[in-house]
Amino acid sequence: MTQFSSYGPRAAPTAQHTRPYIDCRDLFKIYKRADLEVVALRGLDLAVESGELIAIIGASGSGKSTLLNILAGLDRPSAGQVMVGERDLLDVSDSDLVVYRRSEVGFVWQATARNLVPYLSVADNIELPMALAGQPAKSRREWSGELLESLGMTEKAKRFPYQLSGGEQQRAAIAVGLANRPPLLLADEPTGELDIENADHIFEMIRGLNRAYGVTVVTVTHYVGVSQFVDRVVHIRDGRIGSETFSRPDYRRDGGTVEDEYVVVDQAGRLQLPIEYTDRFRHGGLAKIESEGGQIIIEPPDSNPRPTRNRS
Ligand code: ADP
Ligand code: MG
């Protein structure tokens, strides 16, 4: 019998399952159009643990949507490795990919209109994927009711999408994404069309659902305030992971989060710096590089000079 009061054990890692839930290694995606090749992902490495909530940030064209579409089973990678749970998405049959898309992932798009069927009520939108998966009516209603309640949308169950605000539409879209209790929720700029207040609200809700149901979440966003809602922010640059920022709730200060950004050496052996550094170098000219006591210190040229030591 299907469990309906909780998400069930699917998202939990098994004893022998030591690999991260999402494991991308040296992942490539090359789009070919006529005689033109676009390398959208070039050797991307990314590991996401089961139950983790991460945000992916990066400039337009850096490969964020390409990565999400591959994880969603909407697009196939060109080379490398991409495992989600026990599934190898580089070597999966078309029919298995259909099963994967239907039951293993929920997806929220940026465009609110793309997420909901316009002529169905909010409740019916949420129950549609469950009906397609063969769930009986009573359990469909119970689960859509629970999701709507978690999202503060109980009063809006009978409304049609056009009768909702943008933020409410995205909340309904998240409920649709979770309808079949997927272990993975993917969202591509889910707050791209919302103001800051609504964006905060949406990320707060995503975090609440992540904590309540243990669903792993990967969200792409441009919203700079996202770091306070997620476990980790991953920066993607030119189809590779540039650097990572870990939010540590135990170091919270003034409602904000202290972050450590780690510098990463990329596949070509180049050092990738946190974006604020590269911005400062861009505006201030070349960096100063010093070697001191086995440590290399890289400083933007416009930074305050450190007290000079008496070298004589
Ligand atoms: P982002 O979501 O970070 O803005 P995308 O993943 O959409 O970036 O795109 C990464 C690169 O791949 C871009 O150069 C884009 O033009 C190219 N690209 C994306 N989708 C396709 C496609 N279907 N055909 C050809 N090129 C594509
Ligand atoms: Mg995109």
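Every heavy atom of this structure was used, including side-chain atoms; hydrogens, water molecules and symmetry mates were not. Every number for a ligand or one of its atoms is a count from 1 in the order of the listing.
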| Does the side chain of N180 pick up a donor-acceptor pair with the side chain of S103 at under 3.5 Å? | no
| So, N115 and Q169: side-chain donor and acceptor under 3.5 Å apart, yes or no? | no
| request: Can you check the number of protein N/O/S atoms within less than 2.8 Å of the Mg ion (ligand 2)? | output: 1
| Heavy-atom neighbours of Q163 CD exceed 12 at 6.0 Å | yes
| Value rounded to 0.5 Å, distance of CG in L53 from OG1 in T216 | 9.5 Å
| N-O pairing of K64 and D188 below 4.0 Å | no
| Among all residues two or more places apart in sequence or in another chain, which pass the side chain to side chain donor-acceptor pair (under 3.5 Å) test with E127? | R141, S144
| Pairs flagged by ring-ring contact (aromatic ring centres under 6.0 Å, His included) wherever residues 108-138 is involved - sequence neighbours left out | F107-W109
| request: Tell me the residues surrounding ligand 1, counting only those with a heavy atom closer than 4.0 angstrom, sorted by chain and number. | output: Y31, R33, V38, A40, A59, S60, G61, S62, G63, K64, S65, T66
| Between W143 and Y213, how do the two ring planes meet: parallel, tilted or perpendicular, split at 30° and 60°? | perpendicular
| According to a 4.5 Å side-chain heavy-atom criterion applied to Ile, Leu, Val, Met, Phe, Trp and Tyr, with indirect links allowed, do Y31 and L27 form part of one hydrophobic cluster? | no
